[in-house]
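What follows is a set of notes on a single structure, which appears directly below.
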Amino acid sequence: MSKSASTSIPATGSCVPVDTVDVVLPLAVPGAFTYQLPAELAEQVVVGSRVVVPLGKRKYYTAIVIRRPGTFPVDTEGLKPVADLVDAAPLILPRQLDFWRWMANYYMCTPGEVMKAALPSGLKLESETRVSLAEEFTEEDEEALADAISKDEEDAPSAALQTLTPRQHILLQALRAVPAGKSLTIDELLKKCKAETGLLPALRRLIEDGVVQVSERLSRAYRPRTASHLRLAPDYQSEAAQHALLDALKRSPRQAEIVMALIAEPQLARAEVRRRWPGSESALATLRRKGVVDTFEVAVDRLTTHTADPAAARPVLNAAQQTAHDAILREWEEKDVCLLHGVTSSGKTEIYTSLIRRTLDAGRQVLYLVPEIALTTQITTRLGRVFGSDMGVYHSKFPDVERVELWQRQLTSRAFPLILGVRSSLFLPFSNLGLVIVDEEHETSYKQQDPAPRYNARDAAIVLARLCGAKVLLGTATPAVESYYNATVSHKYGYVALTERFGGVQLPQIFVEDVKELRRKKQMTTPFSPRLTQEINHALAEGEQAILFQNRRGYAPVLECRKCGWTPRCTACDVPLTYHRQASRLVCHYCGASYPVPTLCPNCEEPSLHAVGIGTEKIEESVASCFPAARVARMDLDTTRTRSAYEQIIRDFQTGQTDVLIGTQMVTKGLDFDRVRVVGILNADQMLSVPNFRAYERAFQMMAQVAGRAGRRGRQGIVVLQTRQPDIPLVHQVVAHDYAAMFAQQLREREAFRYPPFVRLIDIYLKHRDESTCAAAAEAFAALLHPHFADALLGPDSPAVSRVQYLHIRKLVLKVALDLPIQGVRRTLLAARRALIARPAYRSVNLFFDVDPL
Ligand code: ADP
Ligand code: ZN
Ligand code: ZN
């Protein structure tokens, strides 16, 4: 389905044959756009390359060429020409485009939305993208730039600047006029430059060279891509010449010093010279002018590379691991996907390492997916030791320029054979992918919730692997119910289990504490039961550590007035505010808004507000008062805003700088610590109070995972599980480490109540500022769908949180029978949406689909 940028292509009229391309724009508009291809670009444009195209009156976008339909007669009036070519070689490989197409279709979004998710900002400039000179683009670079511009120096200009074109000069000059700390949109920049074509590709080069930066909220210090180095000119390489030179420099001690340094070390970074001899600029300039010293540029890779430790290079698997390893290879003979179900600390990572090595040795690439930032630190170190410079890391918290660089590098012969990354690394250009490992495959953070594409990276990885002819390994101690079903019931996947921990360490012993009973007996005077208190004291006394898991951040989930029952709520969202004591604010966990804490109840004007419930901050406070000697750290969203803060917390705990680690579900994720003796699960019930059919499964996973942090090396660990419902099956299953029992029970329930894997779920959301419009649109949409789906359609309902950021929300749920052709279902849904939005009253309703919701 193609459309021209402005009007549609008429069937008749004064048509002339023109060359055209179909492109994807980074927009939520369905289908592709057709543009005319000017003759001078026709030779170079290939599928997968970027072009700059106009849209509307003044906007320009970077677009990806997805087809070259060739020359055919169209009405050129309605067809705008491509403004510029950005890459002469594809930036997106054909298989990736297939992957984009699959994703847009399966998750019911537009190819443009996939494009937006796929590309780092630096690769998809649009009119609104903000740019500025790179922060550290100063002194040295300015100097080199001036050199390059004046051209009267014989120095080789820096590699980055040597190709500086007249257009790049214009761009740089415009950007240098911008006050420090300010940025321009690309639109504004182009206006300032008053030149017509060729500016965007020129700008792109500057961005890729790190001279211009795309503004981002998260950015780490910029490191230049090249660094100036100094060496003696060829004429002064002989000892005799050097002697003569030093003689001649007797009265210029500074110059002599620099020369002597360059005799001792054949090359020196210019920055190093500056550091050693402050104020040596003029001496250096003289040496350069006299032709004694040459400057040259050394490429400094912006990407962090790792150094392999030869001792770690080849893991030696124990017998159980070797058996599992071989079993995986056997499964792969028949099936593309294999589930490795290995208890915590069984050495899954060692098996992955072996399989990665094997794949690399066969000359193919590996993608190692981790669910989120929380896991990359430890894994990066661990795999870096083994794979060294073969490993590239792709991370959403890295500066955009690094992501751009990695992307570009993957298109070259220097491509990293191993990529470790979060879900967006699925979109990287792999030319020869042989294996995808999905670590902690059950993790919900593999799913992108917002914005579209709302994809699950685990499932998408399986599709990507199929497109590339690669194998997939899903690994976890607590498989997702669907994965376990696919592996052990429907046998779509292979299945390999690893049931013992490495080194014969036993799984932790789990004690259940009945909080209700303890309260009744007045023994719960702190958030920690007597048993937990005792175990923590034991651990501390023996120099061991404790992890306390409380899945709520902030101090207290709710403030409440004792007199009148009033609780503060977010004005933009339909949720109570969380009390954050350290920041002394009330915070909305849905939209992030924060409010001051009232001293009097605004409703009854009494000073009777008190905190109800317990969050991580309060636990931190309680640990401080109950275990005054313990050094405490807290790991939740509030304390890990930056990557370094996160890394610091982990490092401190790993090296024993802290004794007690308190955290939300962040602490349940595959971290590997040596000295954790006891894990406290402070409130098991709260995990079950979530209104979601997966709540039970997830509660099991979180508890089993956090329990798995205890006693990983050496002796058996201890877990204290605090609950008000000690007799429910979930608690028994956790205590017995009985995943199979949990699975069997869940499967029965899912079948009875028609949930996955017995149906396909598609959630349908409608959002609108006006509640009645939202509600009416939802009813109207349900009416449109009813003839097609009847009982399979549930709702509309108000979800548990029915308003976020001033938008009212209604939700419908479609339970699609597995034997229904899904492509037809999608067509029906999309047609119904078009029909709904076509009605003037509902034009501004935002309606979207969430396929396979979590
Ligand atoms: P999992 O990923 O299953 O939780 P890990 O791979 O993290 O388990 O292994 C747990 C610990 O045991 C790690 O510290 C790891 O270094 C160690 N370990 C596991 N297998 C081996 C092995 N074959 N040789 C040496 N150490 C191992
Ligand atoms: Zn809010
Ligand atoms: Zn009150």
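Whatever order the structure lists them in is the order used to number ligands and atoms, beginning at 1. We count residues from 1, following the sequence as given. None of these values were measured; they are calculated from a predicted model.
Considering the Zn ion (ligand 2) as centre, the angle to SG of C570 and to SG of C573 is 110° (10° rounding). An angle of 110° is found at the Zn ion (ligand 2) between C591 atom SG and C588 atom SG, rounded to 10°. Considering the Zn ion (ligand 3) as centre, the angle to SG of C561 and to SG of C564 is 110° (10° rounding). Angle SG(C604) to the Zn ion (ligand 3) to SG(C601), rounded to 10°: 110°.
Between the side chain of N551 and the backbone N or O of Q665 there is at least one donor-acceptor pair closer than 3.5 Å. A donor-acceptor pair under 3.5 Å is absent between the side-chain atoms of R454 and the main chain of D450, judged by distance alone.
Where the criterion is an N or O separation shorter than 3.5 Å, residue side chain and backbone included, S345 meets it with respect to ligand 1. Among the atoms of L317, none of the N or O lies under 3.5 angstrom from an N or O of ligand 1.
With respect to the salt-bridge test (charged N to carboxylate O, under 4.0 angstrom), the residues R458 and E441 qualify. Between E542 and R677 a salt bridge is recorded (basic side-chain N to carboxylate O distance below 4.0 Å).
The closest side-chain heavy-atom distance from L600 to S608 is not below 4.5 Å.
Counted by atom type alone, D439 and Y352 present one or more donor-acceptor pairs between their side chains at under 3.5 Å.
Here is the list of ligand 1 atoms found below 4.0 Å of a heavy atom in V343: 3 (O). Residue R382 approaches ligand 1 through these ligand atoms, each under 4.0 Å from one of its heavy atoms: 5 (P), 6 (O), 7 (O), 9 (O), 13 (C), 15 (C), 16 (O). Per-residue contacts place S346 under 4.0 angstrom from the following atoms of ligand 1 (heavy atoms of the residue considered): 1 (P), 3 (O), 8 (O). The distance from ligand 1 to the heavy atoms of V316 drops below 4.0 Å at these ligand atoms: 22 (C), 23 (N), 24 (N).
Using a 30° and 60° split on the angle between ring planes, Y484 and Y739 fall in the perpendicular class, above 60°.
Both the backbone and the side chain of T349 come within 4.0 Å of ligand 1, judged by heavy-atom distances. Proximity of Q321 to ligand 1, defined as any heavy-atom pair under 4.0 Å, is confined to the side chain (atoms from C-beta onward).
When ring centroids are compared, H580 and H589 come within the 6.0 Å threshold.
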